[in-house]
Amino acid sequence: HFPVLQLLLTAYCSQMAAGVAGTGFIEEEDVEFEENILRNPYSVKAWLRYLDHKPLTKQAARIVIYERALREMPGSYKLWFKYLRERTKAVRHLSPVDPAKTEVVGCFERALIFMHKMPRIWTDYLEFLTGLGLITKTRRAFDNALRALPITQHNRIWPLYIKFLRARDVPETAVRVFRRWLKLDFNAAAEMFVEYLISVGRLDEAAQVLVEIVNKKEFISTKGKTNHQLWVELCELVAKNPDKVHSLKVDQVVRAGLRRFTDMMGTLWAALADYYIRRGAFEKARDIFEEAVQTVTTVRDFSHIFEAYAEFEESSMTAEVARVAEEGRDVSVELEMRLARFERLMERRPLLLSSVLLRQNPHNVEEWHKRVALYDGKLPEMIKTYTEAVQTVDPASAVGKLHTLWLDFARLYEENNELDQARAVLERAVQVPFKAVDDLAAVWCEYAEMEARHKNFTQALSVLKRATTPRNMASGQDGRAPAQARVHRNLRLWSLYVDFEESVGTFESTRSAYTRMLELKVCNPQTIINFASFLEENKYFEESFSVYERGVAIFKWPVVYEIWSAYLVKFIQRYGGSKLERTRELFEQAVDGCTPKFAKPLFLLYASFEEEHGLARHAMAVLERAASAVQKEEQLEMWQLYIKKAGSVFGVTHTRGLYEKALNSLPDKDAKIIALEFAELERKLGEIDRARAIYSHASQFSDPRTSEKFWKTWHDFEVSHGNEDTFREMLRLKRSVAATYNVGINFAAVMGETDKAKPAAAAAAAA
């Protein structure tokens, strides 16, 4: 038994050296593990296997083994970590003043002699100390941890330190610690520091830290807040606590936020006004509100500020009412003033809102019109608004019709019998570089019409002459000439000019104006017709026809149709058949190049002229040309008219050839109608066989399902004039045609199904 005795002696010496009394911890089954650690005293695995062998219920024996192992390997983090965790769990349920917990503290302190660079040992130690309630010792331990660990690992200590300080009501110490942390890691500590300062009522310092936060562009919030949200928090803090924040100039802080965050102007202005209200500086708050409603550029911000402003005035009025009632008086000057101020504010709301919309876009013409309407009945304010509008709106950037501002401005003066002022406004208006020529033309027209309304016709003509006089002006930056250089070619302006000339001018001046329009090609078909009618009224017939000639030379089809219609009618009315060849030449020019849409009335007029003044055969030739020149839906009507006219002129038998031509040229649906008329003609002439042949020919394109009228007419014809054989032949043809159409329909249906099946077959083949 000598080896066993030697082993026990060695273990006892180890226990004594480890400072653990007692010799009853080594049992017979431990001998194997003891021999192993004797052979490998510096093997962590050997000691851990020995510990795994010992059950957790034998806590004292395990402690002896841990102590022996750490005596051999005091630098083993693994052994220290397991040992300290086991000791900590063993005393967790004990009282903070129990000696066992003091022993654990001693173990931690011994461990930190070797493990002072291990943050996990420090955090476990600090958490354990925090639970003991030893404030000074714990604080010093935190300080030692921060001194021992490298700065890159301080982020594991500071949260615990802050948590410990928050749990104890020691604000001064906590603030000092926060300041230390702030110097090392501003991003991590700043928001937490602000929250703590607010919770302990140190709002002035909290505001200072918030200012530092919002001024750091590189600051990144640990709570995901944007710089904008931090600004709002700062403004709310300083605005709601004017008696506790003294070190900051609140007005400058909020205005800096206004310059930086234009989308929150309403909130920031309201916060600044609220700051002065809380300080009792009501007049200053009112000035802030006034400045705000004159500054904001969005309806949302305006609504926010106006509601706050109105609420402030209402509360001020209510407070004064309460004070007057308390003093026992009925009313006071101060109360009346506050009531008048509140009513005035409510009345100003539409104007203030209009100002906001115009600050958004000062070139919005419609908003300027609405603003003028707000001053309805107040002439000086309306004039002032119009003056501001025409001075503010840039013609190049105007949204809406800028010329309407100038016209309404002049009309305002005119309605108030200040004609000279209206003229001055319009004189300025015609110099404005409008984007569109039509806008400038509208100003000139209104100028002339204003003079006409006041019976100044000579002045009106003078204005229009100025407007239609060409001007040479340099092109703008976009390469286009200004509106003033192009307005002399405006059709509306010239139309008004010639209307005035016709009304109050002379014949020569009117003709000169119309001629000038044609030279400039500032005209439409109605202008040509008006000019020609004017000359005709003054007995200048040939000159009026020359105007028509110029018109048809200027315009092309289909626009020229109106001119040709008027020209031909007037020419026929004037000369009748006396200038037959000239009239024919005009008609030939008109129908040459005429589109099918307008061919029918021209050809009918041509045929009517030939029938009345020319030769019948010429009229028939015109109708035959018309039958192929008109639109397809009008061809049947033209053939019927042609055949009717030919029958009345040349006799019924002459129409047979025309019917045959019509059958060959018309589409099937119209050919059936012509065929019925042709067959009826032959029947009346007693040509029964010819009529039957026509029915037989037309049956080829008469589907029995849709052409019931055709087959019924043929049926009645055979009943009246046929026999059994001809009737059977008619029925046979009907069955044959029906079968032909059925085969065609079935073939189309089969082809459709085949086309639909091709993609499916291709997909199946691909699969």
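On a predicted model such as this, the values are computed, not experimentally measured, just so you know. Scope of the values below: all heavy atoms of this structure, side chains included, with no hydrogens, waters or symmetry mates.
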Could you tell me whether Lys284 and Asp287 have a side-chain N and a carboxylate O separated by less than 4.0 Å?
no

Looking only at non-hydrogen atoms, find the nearest pair between Leu358 and Asn364 and report the distance.
CD2-O, 4.2 Å

For a 4.5 angstrom cut-off between non-hydrogen side-chain atoms, does Trp269 reach Val293?
no

Interatomic spacing from OG1 in Thr458 to CD in Glu451 - rounded to 0.5 Å
10.0 Å

Does any pair with a residue in residues 387-407 pass salt bridge (Lys or Arg N to Asp or Glu O under 4.0 Å), and if so which ones, sequence neighbours excluded?
Lys401-Asp439

What heavy-atom pair brings Leu520 and Arg489 nearest, and what distance separates the two atoms?
O-NH2, 2.9 Å

Please assess Ile162 against Tyr196 for the test side-chain contact (heavy atoms from CB on, under 4.5 Å), listing each intermediate value before the final yes or no.
CA-CA 10 Å; Ile162 299 304; Tyr196 180 74; over 6 Å; no

Identify whether the distance between the nearest side-chain nitrogen and carboxylate oxygen of Arg202 and Glu172 falls below 4.0 Å.
yes

Contacts table for residues 145-157: side-chain donor-acceptor under 3.5 angstrom, sequence neighbours left out:
{"residue": "Arg147", "atom": "NH2", "partner": "Asn144", "partner atom": "OD1", "Å": "2.4"}
{"residue": "His154", "atom": "NE2", "partner": "Leu146", "partner atom": "O", "Å": "2.8"}
{"residue": "His154", "atom": "NE2", "partner": "Leu149", "partner atom": "O", "Å": "3.1"}

Thr510 side chain to Glu501 backbone, donor-acceptor under 3.5 Å:
yes

Closest heavy-atom contact between Thr392 and Pro362?
CG2-CB, 3.8 Å

Determine, step by step, whether Val214 and Leu234 satisfy the side-chain contact (heavy atoms from CB on, under 4.5 Å) criterion, reporting the C-alpha distance in whole Å, the side-chain angles of both residues, the deciding distance to 0.1 Å, and the verdict.
CA-CA 9 Å; Val214 297; Leu234 172 61; 4.2 Å; yes

If you define the side chain from C-beta out and look only at heavy atoms, does anything of Val432 sit under 4.5 Å from Val390?
no

For a ring-ring contact (aromatic ring centres under 6.0 Å, His included) check, start with the C-alpha distance between Phe500 and Phe457, then their side-chain angles and the critical distance, and finish with the verdict.
CA-CA 8 Å; Phe500 268 94; Phe457 299 112; 7.2 Å; no

For residues Ala460 and Ala452, report the shortest heavy-atom separation together with the two atoms involved.
CB-N, 4.2 Å

Under the rule for side chain to side chain contact (heavy atoms under 4.5 Å, CB included), what residues qualify as partners of Leu160, not counting sequence neighbours?
Thr123, Glu127, Phe142

Kindly say whether Gln526 contributes a backbone atom to a donor-acceptor pair with the side chain of Asn524 at under 3.5 angstrom?
yes

Going by an N to O cut-off under 4.0 Å, is there a salt bridge joining Lys384 and Glu381?
no

Leu426 vs Val443 side-chain heavy atoms within contact, under 4.5 Å:
yes

Salt bridge (Lys or Arg N to Asp or Glu O under 4.0 Å) pairs, two or more places apart, involving residues 456-467:
Glu427-Arg466

Between Arg492 and Cys445, is any pair of side-chain heavy atoms under 4.5 Å apart?
yes

For a side-chain contact (heavy atoms from CB on, under 4.5 Å) check, start with the C-alpha distance between Arg411 and Glu446, then their side-chain angles and the critical distance, and finish with the verdict.
CA-CA 9 Å; Arg411 201 170 289 120; Glu446 177 62 23; 3.5 Å; yes

With rounding to the nearest 0.5 Å, note down the distance linking CG in Leu493 to CG in Leu440.
8.0 Å

Sub-4.5 Å side-chain heavy-atom contact between Thr297 and Val356:
no

Is the shortest heavy-atom distance from the side chain of Val296 to the side chain of His304 under 4.5 Å?
no

Apply the test side chain to side chain donor-acceptor pair (under 3.5 Å) to residues Ser221 and Glu191: give CA-CA distance (whole Å), side-chain angles for both, the deciding distance (0.1 Å), then the verdict.
CA-CA 8 Å; Ser221 172; Glu191 290 181 274; 2.7 Å; yes

Side chains of Trp406 and Val430, heavy atoms from C-beta outward: is any pair under 4.5 Å?
no

Sub-3.5 Å donor-acceptor pair from the side chain of Trp181 to the main-chain atoms of Pro159, do we have one?
no

Solution key, residues 342-352 side-chain donor-acceptor pairs under 3.5 Å, sequence neighbours excluded:
{"residue": "Arg348", "atom": "NH1", "partner": "Glu290", "partner atom": "OE2", "Å": "2.9"}
{"residue": "Arg348", "atom": "NH2", "partner": "Glu290", "partner atom": "OE1", "Å": "3.0"}

Pairs satisfying ring-ring contact (aromatic ring centres under 6.0 Å, His included), at least one member in residues 378-404, at least two apart
Tyr386-Phe409

Residues two or more places apart in sequence or in another chain: which of them pass ring-ring contact (aromatic ring centres under 6.0 Å, His included) with Tyr276?
none

Any donor-acceptor N/O pair, Arg338 side chain to Ser316 backbone, under 3.5 Å:
yes

Within 6.0 angstrom of Arg176 CZ, more than 12 heavy atoms from elsewhere
no

Sorted by chain and residue number, the side chain to side chain contact (heavy atoms under 4.5 Å, CB included) partners of Thr385 (sequence neighbours excluded) come out as Trp368, Arg371, Val372, Tyr375

All ring-ring contact (aromatic ring centres under 6.0 Å, His included) counterparts of Tyr309, not counting sequence neighbours
Phe289

I would like to know whether Leu412 and Leu379 meet side-chain contact (heavy atoms from CB on, under 4.5 Å); could you show each step before the answer?
CA-CA 9 Å; Leu412 177 65; Leu379 183 60; 3.8 Å; yes

How far apart are the C-alpha atoms of Thr469 and His488, what are their side-chain angles, what is the distance that settles it, and do they pass the side chain to side chain donor-acceptor pair (under 3.5 Å) test?
CA-CA 6 Å; Thr469 302; His488 69 282; over 6 Å; no

Distance check, rounded to the nearest 0.5 Å: Met265 atom CE versus Ile305 atom CD1?
7.0 Å

Hits for side chain to side chain contact (heavy atoms under 4.5 Å, CB included) against Ile213, two or more places apart or cross-chain, chain-then-number order -> Phe186, Ala190, Val194, Val209, Leu210, Phe219, Leu230

Any heavy-atom pair between the side chains of Phe193 and Val175 that's under 4.5 Å?
yes

Selection residues 298-319 - residue pairs positive for salt bridge (Lys or Arg N to Asp or Glu O under 4.0 Å), sequence neighbours left out:
Arg286-Glu313

Arg423 and Glu414 ion-paired at < 4.0 Å
no

Heavy-atom closest contact (Lys435 atom, Arg486 atom, distance):
O-NH2, 4.1 Å

Have Glu519 and Tyr514 got a donor and an acceptor in their side chains that come within less than 3.5 Å?
no

Is a side-chain N or O of Thr138 found less than 3.5 angstrom from the main chain of Leu134, in a donor-acceptor match?
yes

Looking at Arg180 and Asp143, is there a salt bridge between them, counting it only when a charged N and a carboxylate O are closer than 4.0 Å?
yes

Using only atom types and a distance under 3.5 Å, with no angle test, would you say the side chain of Thr387 pairs donor to acceptor with the backbone of Ile383?
yes

Ignoring hydrogens and geometry, is there a side-chain-to-backbone donor-acceptor pair from Asn215 to Val211 under 3.5 Å?
yes

Trp444: which residues meet the ring-ring contact (aromatic ring centres under 6.0 Å, His included) condition with it, sequence neighbours left out?
none

Closest non-hydrogen atom pair between Leu184 and Trp158, with its separation
CD1-CZ2, 3.8 Å

